[in-house]
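Worth knowing before you read on, the calculation uses all heavy atoms, side chains too, and leaves out hydrogens, waters and symmetry mates. Below, chains carry the letters A, B, ... as their sequence lines are ordered, and counting in each starts from 1.
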Amino acid sequence: MELSRNELIQARRLGVIRGASAEGFGHASPAFSTMGAMYLESPVSDHSLPLLTGLNPEQEAAVTLPAEHALILAGAGSGKTRVLTTRIAWLLQTGQVSPGGVLAVTFTNKAAKELLTRLTAMLPLNARGMWIGTFHGLCNRFLRAHYKLANLPQSFQILDTQDQLSAIKRLCKQFNIDDERFPPKQLQWFIAGCKEDGERPSDVVARDEETRKKIEIYQLYEDQCQREGVVDFGELMLRSYELLRDNDAVREHYRRRFRHVLIDEFQDTNRLQYAWIKMIVGLPSESGGAVLAVGDDDQSIYAFRGARVGNMEDFVREFEVRHQIKLEENYRSYSNILDSANHLISHNKKRLGKNLRTSQGAGEPVRVYESATDFAEAEWVVEELRQLVRGDGFSRSEIAILYRSNAQSRVIETQLFNAGVPYRVYGGLRFFERAEIKHALAYLRLLENSRDDTSFLRVVNFPPRGIGARSIEQLQDAARAAGSSLHDAVTSISGKAGANLAGFVAQIDVLREQTAGSTLREIIETVLHSSGLVDHYRADKEGADRIENLEELVNAAESFVTQEGFGRDAVALPVDEHGTPLTQSPVSQGLDPDAPVLNDAFVAPIDAETGETLSPLAAFLTHAALEAGDNQAQAGQEAVQLMSVHASKGLEFDAVFITGLEEGLFPHENSMSDYEGVEEERRLMYVAITRARKRLYLSHAQTRMLHGKTRYHVRSRFLEELPEGALKWITPKRSGFGSGFGSGSGAGFNAGARGTGMAQPAWGRSGIGVETFASPPVPPQKAAPSHGIRAGIKVFHTKFGEGKVQAVEGVGDDARAQVNFPRHGVKWLALSVAKLTVVD
DNA sequence: AATGTTAGAGTTTTT
DNA sequence: CTCTAACATT
């Protein structure tokens with residue numbers, strides 16, 4: 001029995017499958033230390049500090065480097081985060097730097113949190129003045145502090161990817177841009193790409209007419225964002241970079257301030273981020289602080305979004321790096337797993353060169369399994385999984401099933417579901433991306449910034465209040481004519497449409513006044529009810545979940561205020577070189593004075609001169625935009641983890657299954673055309689392998705349902721690139737039936753090659769080679785006139801059960817077989833339609 | 001304005 | 001196959 005997507009989703013909702021529901025949202029980050037400024041213990045300089053115990057020589061060398069530029073090549077599982085945190089702690093403890101002089105930047109909020117958590121656990125330090133966060137978070141903080149210089153409104157809003165796309169769509173409509181020639185998605189990609197390369201419209205080279213037009217649209221988009229007081233993710237970076245570049249005073253201030261700049265996952269930085277680093281630190285000739293870049297070129301898997309491994313070489317050259325340390329001791333995996341990873345990645349030419357080693361034993365061999373179908377592959381995974389849990393005592397949450405693309409999860413989910421194995425799927429909608437949450441946030445954003453047309457359009461008629469497409473068009477024309485926001489253009493619309501629009505605007509304006517001085521919680525609750533959102537969803541019979549999520553939004557806001565403060569991302573804290581705040585300010589309005597103060601950001605003025613602070617609401621909206629919401633919060637359930645290989649980066653598990661190791665899938669067909677693409681896919685495989693601590697399982701299927709068609713796949717070249725000695729090839733159990741699959745659950749077994757084409761492919765090797773294949777096996781596509789069905793053999797049909805083939809006639813799509821089913825009699829079946837599996 | 005129909009597309013993902 | 005978005009219909 002297969003479950004439809006909807007059924008799966010429904011099942012998850014009902015909690016049959018744990019995880020993946022709204023529960024996964026929370027703010028677990030620990031409180032910032034609120035202790036006084038005790039960062040400076042008595043300066044110590046000897047190396048027998050407790051901090052350094054347990055570090056291996058390379059790690060210790062990295063931690064105790066002098067204040068000079070350095071590159072740490074940190075292999076998977078080599079204690080990278082430990083080095084980063086210990087380095088910071090060591091610098092602080094030995095009095096070489098004050099918290100205000102530290103800048104540590106990561107890519108994800110999760111990594112930033114982890115850094116902070118582990119750091120505060122190490123040292124009773126005051127987080128005051130430390131800049132630890134994501135690139136975007138820090139840029140936001142910076143722009144909030146210098147919004148005037150950056151030419152932004154004080155309460156500028158951040159567009160996420162969805163918002164950006166709808167802004168572009170709106171723009172295209174307004175300027176009658178042919179969306180066939182210029183699909184909004186493509187424009188979005190173009191604009192984001194330009195910004196990642198640090199290019200404004202005027203910087204982009206118009207190679208051809210099409211590009212020229214795109215540049216024009218890019219410019220229009222920029223104008224629109226500026227007019228509306230919003231910035232997209234790329235803009236946060238780019239504008240920060242430009243301000244540093246163009247304003248000598250600001251640049252010098254930060255260069256003097258940050259004595260130590262630490263960069264995590266350096267191989268994932270894009271051009272602009274690297275340029276930003278150069279700007280905020282300064283090259284050696286410009287006497288800035290010391291940069292400690294930590295990265296692993298072998299784990300660079302984000303080229304598709306602008307990551308540029310070349311930054312590592314550029315860094316070494318431009319910063320005249322004299323310290324390069326390789327962390328090659330792996331503390332995670334047994335050597336069979338590690339050897340596999342090393343052997344695989346050695347096939348890449350473009351490498352800085354690194355070889356992981358471990359003092360652990362060989363461990364179990366890496367198991368490789370070939371199955372006939374994706375379905376059978378999933379069955380095998382579930383079976384092995386049971387063995388791991390029941391037989392070998394593995395904890396389910398310590399087992400991961402990885403795949404190259406998310407679509408692959410479905411088959412596996414179905415099997416897990418049928419077997420009653422709790423599982424949890426990573427990826428998918430994040431909390432702040434849900435439609436109802438975005439609606440609520442749009443109202444809130446309008447309170448902050450009535451010029452935000454994207455938000456205006458999102459909720460002007462949601463819940464429906466009789467404002468149709470025509471009225472909106474009229475309004476957009478009026479706004480364009482007047483050069484004003486939609487909000488302000490409403491007064492120029494007359495008639496019924498005008499009255500409705502005026503009603504909406506009045507509602508927003510009233511809400512704004514009404515909630516002035518309220519706490520964040522009160523504001524949100526008022527907005528949720530006055531806007532009609534709650535009523536709307538209450539009327540909807542399927543709105544219960546949405547209401548729940550809206551309630552969760554209130555909770556999120558509450559915990560934002562009380563637990564996280566207004567977040568380190570909210571505002572910048574102007575400080576002097578020693579990290580001492582330049583201004584003290586009263587707690588901002590609407591806050592419980594007894595609430596723990598966790599981060600200065602939240603009491604700090606964003607404007608050092610006027611002492612103005614960011615409102616709690618503005619801070620929360622920023623938080624919502626920069627942190628899409630953990631959908632990965634620990635459910636506490638003992639559930640198997642399902643995720644894409646990309647999503648697994650940075651995680652580790654006792655046992656890992658890597659599925660779908662097939663040419664075209666992994667490596668993905670879209671990456672196979674060029675060499676660079678294949679190398680990145682190989683790095684991806686490397687990442688996948690190195691996730692495993694004790695057990696590693698690799699599998700591939702001969703046929704797979706993809707886009708509704710059965711596709712035939714040769715096994716992945718990556719399998720041929722593993723060291724034979726570390727592997728154990730498992731002979732597939734043929735076609736399922738009675739072949740000793742545990743509890744003998746025979747239901748819906750091995751539907752075989754479903755859909756069109758042949759049934760069981762005939763090229764299935766019985767024992768896939770013990771020897772390494774120098775060249776990949778002959779692709780089966782053409783070589784299979786044999787559907788494998790001939791007179792005399794036994795076949796299995798999903799409806800009719802097992803039967804004996806009596807005759808076969810016709811070729812290709814016309815092929816038919818006469819089958820005698822004991823229970824249903826003799827049938828003629830079209831092989832292109834019937835679901836037949838060969839039974840041995 | 002709500003609901004049904006059809007065409008088209010379909011890696012990887014964070015901010 | 002399965003999801004989405006745009007279009008058409010009531």
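Classified by its glycosidic torsion, B/dT11 falls in the syn category, the angle being within 90° of 0.
Here the side chain of A/Glu681 is nearest to one of B/dT15, B/dT13, B/dT11, namely B/dT11.
Figure legend: A/Arg424 and A/Tyr426 shown as a cation-pi pair, the cationic atom lying under 6.0 angstrom from the six-membered ring centre and within 45 degrees of its axis.
Within the nucleic acid shown, A/Gly466 comes within 4.0 Å of sugar-phosphate atoms alone, with no base atom in reach, counting heavy atoms only.
For DNA chain B, the neighbouring residues in residues 454-464 of chain A, judged by any heavy atom under 4.0 Å, are A/Pro464. Remark: A/His668, A/Asn670, A/Ser671 in residues 661-671 of chain A come within less than 4.0 Å of DNA chain B through at least one heavy atom. A heavy atom closer than 4.0 Å to some atom of DNA chain B occurs in A/Tyr302, A/Phe304, A/Arg305, these being the qualifying members of residues 293-310 of chain A. A heavy-atom distance below 4.0 Å to DNA chain B is reached by these residues of residues 156-178 of chain A, ordered by number: A/Thr161.
Atom-to-atom, NE2 of A/His713 to P of B/dT11 comes out at 13 Å; the value is rounded to the nearest Å. The distance from atom CD1 of A/Ile658 to atom P of B/dT12 is 17 Å, rounded to the nearest whole Å. Atom pair A/Trp189:CH2 and B/dT13:C1' shows a separation of 15 Å (rounding to whole Å applied). Between the P atom of B/dT14 and the CZ atom of A/Phe432 lies a distance of 16 Å, rounded to the nearest Å. Note: CZ (A/Arg404) to P (B/dT13) measures 8 Å, nearest angstrom.
Using a cut-off of 4.0 Å between Lys/Arg side-chain N and Asp/Glu carboxylate O, A/Lys80 and A/Asp264 are scored as salt-bridged. Comment: A/Arg200 engages A/Glu235 in a salt bridge, judged by a side-chain N to carboxylate O separation of less than 4.0 angstrom. Using a 4.0 Å cut-off between charged side-chain N and carboxylate O, A/Lys350 and A/Glu679 make no salt bridge. For A/Glu627 and A/Lys113, the salt-bridge test passes: some basic side-chain N is under 4.0 Å from an acidic carboxylate O. Contact check on A/Arg683 versus A/Glu680 returns a salt bridge, with a Lys/Arg side-chain nitrogen under 4.0 Å from an Asp/Glu carboxylate oxygen.
Side-chain contact between A/Ser300 and A/Arg308 is absent, with no heavy atoms from C-beta onward closer than 4.5 Å. Between A/Asp179 and A/Cys172, the closest side-chain pair of non-hydrogen atoms is not below 4.5 Å.
Between A/Phe107 and A/Ala469, the one whose closest nucleotide on DNA chain B sits nearer the 5' end is A/Ala469.
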Take A/Arg717 and A/Met672 through the side chain to side chain contact (heavy atoms under 4.5 Å, CB included) test and state the conclusion after the steps. CA-CA 11 Å; A/Arg717 68 191 72 184; A/Met672 279 162 62; 3.7 Å; yes
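Side chain to side chain, A/Asn311 and A/Thr269 meet the donor-acceptor criterion of an N or O pair below 3.5 Å.
Listed by chain and number, the residues in a side chain to side chain donor-acceptor pair (under 3.5 Å) with A/Glu114 are A/Arg118 (sequence neighbours excluded).
The side chain of A/Asn140 places no N or O atom within less than 4.0 Å of a non-bridging phosphate oxygen (OP1 or OP2) of B/dT15. Distances shorter than 4.0 Å separate none of the side-chain N or O atoms of A/Thr134 from OP1 or OP2 on B/dT14.
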Under-3.5 Å N/O pairs linking protein and nucleotides 4-10 of chain B:
from: B/dG10; atom 1: N3; to: A/His707; atom 2: ND1; distance (Å): 3.4

